[in-house]
Amino acid sequence: MQKIEHIGIAVKDLDAAENLYGRLLNSKPYKREEVVSEKVMTSFLKNGPNKIELLHSNDSESVINKFIAQKGEGIHHIAFAVQDIAVEMARLKKEGFQLLNESPKIGADNKLVCFIHPKSANGVLIELCQEIKK
Ligand code: ZN
C-alpha cells in the first residue's frame, strides 16, 4: 500500500463540480474519461500531490446515482496506489477484506483497479489502483 492516489467524489452536476473543485484546488480539470462498464463519467483535477476524481452518471441505475440517492453527493471512495495490485488483493483477501472484483479491472486514468466492499472497511469504499505501464 502506497500513498492515497485520489479521492472519488460523487456529484450530480459535473460541469458545476469541475468549476467548484477547480476553484478549490486552483487548478483546471485535466481529463474527462468515461468508464463505460460503470456508466460513469469521471473528471480529474490535480494540484501537487492532491488528486480528486469527480464521478457523475446520467443513468439512474448506475452505482453513482444509487449512491447519491442513498447518501447524497459527497465522498464516494478513497483510492490507494499500490505497486502490485495482484499481490495486494491476495494479501487483503487473506486479511479478511471482501473484494468486489476477483481480478483487477481497467479503471479510469490508466489504472488497474480493485474495490473493497465498504462493509469490510468501516463503511468506506476503498479502491486499489496500480498504474498501467505503457
Ligand atoms: Zn477512483
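By convention here, the first residue in the shown sequence is residue 1. Read the numbers this way: they start at 1 and go in the same order the structure lists the ligands and their atoms.
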### Query
Any side-chain donor paired with an acceptor under 3.5 Å for His77 and Glu53?
yes

### Task
Specify whether an N/O/S atom of His6 falls short of 2.8 Å from the Zn ion (ligand 1).
yes

### Task
Measure from the Zn ion (ligand 1) to each N, O or S atom of Glu5 and report whether any distance is below 2.8 Å.
no

#### Entry: Salt bridge flag under 4.0 Å for residues Arg32 and Glu18
yes

### Query
the Zn ion (ligand 1) is nearest to which N, O or S atom of Glu53?
OE1

### Message
What is the name of the N/O/S atom of His77 that is nearest to the Zn ion (ligand 1)?
### Response
NE2

### Task
Could you check whether the rings of Tyr30 and Phe44 sit parallel, tilted or perpendicular, using 30° and 60° as the cut-offs?
tilted

### Message
Counting only heavy atoms not in Lys3 (residues, nucleotides, ligands), do more than 12 fall under 6.0 Å from its NZ?
### Response
yes

#### Entry: Matching residue for Leu125 among Leu100, Ile116, Ile75 - test: side-chain contact (heavy atoms from CB on, under 4.5 Å)
Leu100

### Message
I'd like the atom name of the N/O/S atom in Glu127 lying closest to the Zn ion (ligand 1).
### Response
OE1

